Amino acid sequence: MKISLSDKIVNMPPFHVMEILERAQELEREGRKIIHLEIGEPDFPTAAHICEAATEAMCAGNTKYTHSQGLIELREAIVEKYKSQFGVDIIPEQVIISSGTSPAMLLLFMALLNPGDEVIMSNPHYACYPNFVRAVNGVPAFVYTDRDDGFVLHAEAVMEKINEKTKAILINSPSNPTGQVLSPGTLQDLADVAGNVPIISDEIYQGLVYEGEDHTILEYTENAFVLNGFSKLYAMTGWRLGYLITPKEYIRTLQKMQQNFFISTNAFVQYAGIAALRGPQDTVREMVSTYDKRRRYLLQRIKETGMEVKSEPKGAYYILADARKFGENSLELSQRILEDIGVAVTPGIDFGDGAEGYLRFSYANSLENIKEGMDRLQEYLASNR
Ligand SMILES: Cc1ncc(COP(=O)(O)O)c(C=O)c1O
């Protein structure tokens, strides 16, 4: 007998960027040279001292379960980071180490939401947010941000969405897909309008800021859950290492969930995390400066194709460009670009209907590849208007 699966899971949209990537890989297997401007993954290797720390830890027998919340040394290193970088005081008990930011997100939404509870988030947003919320029977409440204003989330618009069902306000700065960085004033305003509603701040792109300053929501309110991890800044996507910082009153609940659902995070990977935070930061500085050069170059090239970027991105490694003059349907446009000229870009629709007609370009690729991809695209778009 064929059973019917959960409706909410069956109806979950795919993560289009992964589908584009998978199709691009298929074309590569057929011998095509594909330029990857779709995937949000650093093209740099993980720094040698981080790899060595993991190898040493593994060989020294650190191959067992750890404390469910993670190694105390790693949690202390995270506490030190938030203190030294932002002047924020947290304690190691507030930190839960997870296998990437993604499982921490699932844990958090599961803990916060009863069926029908709402999470306010911007539209466009990181593709997976609404899918996490819906998976635990919550409801994403979208605030459509202004295309002409770089899609920045403003506190007044958030305030209008708050009602008795609101359980959290989700923010992401620096942002995927817009590359925008929220100003201290906006963060303060968001903290003020949130009142008793907690803010969930996805800070996974922290450190990847090229203009202005880096901030954490914890500078503005204690009523916040912070999601962060090692994937982006330390080029450690495949290691699967992230963390959640929770207000003190929820520690026990989240700890029990972590014990039941995940037991603990990979032990030797946590040692790699300690090396990342406490070791030399020169490779990080070099990566940031390289991303910045690519950002400036790609921005210029995107404009030359006739696509528009109204407000320049200042962080992460993405540019969300208005491609409506080349086609209203971003999925169809990105598929066509991939098949016809072998350039992989992400359709805006992946990030919500607020980004339909847009394409997201990732500059987590070499200048040489970006140049080749944009040369191909410029010629293609010029002949396809
Ligand atoms: C905004 C945002 N949050 C979270 C994640 C997931 O990160 P992780 O690798 O830590 O699971 C991503 C990955 O692209 C992201 O862009």
Side-chain angles (χ1 to χ4, degrees), residues 14-21 36-44 46 50 70 74 78 95-109 119 121-133 135 140 145 151 153 168-182 199-209 214 216-217 225-245 258 262 265-266 269-270 272-273 276-277 291 313-320 344-348 350-352 355 360-365:
F15 195 2
H16 289 297
V17 63
M18 296 309 291
E19 302 221 300
I20 295 273
L21 173 68
H36 291 273
L37 301 178
E38 81 285 35
I39 190 79
E41 173 164 72
D43 56 317
F44 300 103
T46 307
I50 300 177
L74 178 54
I78 291 164
V95 182
I96 297 178
I97 308 296
S98 52
S99 303
T101 308
S102 308
M105 228 179 273
L106 189 59
L107 204 70
L108 183 54
F109 289 129
V119 178
M121 63 184 76
S122 67
N123 189 333
H125 47 72
Y126 168 54
C128 304
Y129 290 151
N131 302 334
F132 277 110
V133 170
T145 49
F151 296 107
L153 185 66
I169 298 160
L170 174 55
I171 63 171
N172 172 218
S173 173
S175 153
N176 176 9
T178 68
Q180 293 297 330
V181 180
L182 293 177
I199 295 183
I200 300 173
S201 177
D202 182 348
E203 301 182 358
I204 183 107
Y205 292 98
Q206 198 175 73
L208 297 175
V209 173
D214 228 347
T216 170
I217 192 64
F225 296 91
V226 168
L227 293 159
N228 205 338
F230 296 78
S231 290
K232 312 292 178 174
L233 187 61
Y234 291 101
M236 290 176 69
T237 41
W239 296 71
R240 311 310 301 130
L241 188 62
Y243 54 93
L244 169 67
I245 303 173
Q258 173 79 355
F262 303 120
T265 296
N266 182 319
V269 167
Q270 294 188 57
L277 290 176
Y291 287 136
K314 298 183 173 57
Y317 35 59
Y318 305 111
I319 299 176
L320 189 63
V345 295
T346 308
D350 217 11
F351 311 102
R360 189 197 70 175
F361 292 78
S362 161
Y363 45 93
N365 203 337

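The structure displayed is predicted, hence computed values, not measured ones. Read the numbers this way: they start at 1 and go in the same order the structure lists the ligands and their atoms.
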- Task: Using heavy atoms and a cut-off under 4.0 Å, could you grab the residues that are in contact with ligand 1, chain by chain, numbers ascending?
- Result: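 For ligand 1, the contacting residues are G100, T101, S102, M105, Y126, Y129, N172, N176, D202, I204, Y205, S231, K232, R240.
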
- Item | Which residues share a ring pair (Phe, Tyr, Trp, His ring centres under 6.0 Å) with Y291, sequence neighbours left out |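 Residues passing ring pair (Phe, Tyr, Trp, His ring centres under 6.0 Å) with Y291: F44, Y317.
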
- Mind checking side-chain hydrogen bond (donor to acceptor under 3.5 Å, both in side chains) for S201 and listing every partner two or more places apart, or none if nothing turns up?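 For S201 the side-chain hydrogen bond (donor to acceptor under 3.5 Å, both in side chains) partners, ignoring immediate neighbours, are E203.
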
- Who passes side chain to side chain contact (heavy atoms under 4.5 Å, CB included) against L21, sequence neighbours left out?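 Testing L21 for side chain to side chain contact (heavy atoms under 4.5 Å, CB included), a comparison that skips the adjacent residues, returns M18, Q25, H36, E38, I39.
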
- Test of ring centre spacing under 6.0 Å for Y126 and Y129: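 Between Y129 and Y126, which both carry aromatic rings, the centre distance is below 6.0 Å.
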
- With distance as the sole test, does N172 use its side chain to make a donor-acceptor pair with the main-chain N or O of N176 at under 3.5 Å?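 It does hold such a pair.
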
- Message: Would you say Y363 and Y318 are linked by a side-chain donor-acceptor pair, where the criterion is simply a distance under 3.5 Å?
- Response: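 Not at all, the side chains of Y318 and Y363 share no donor-acceptor pair under 3.5 Å.
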
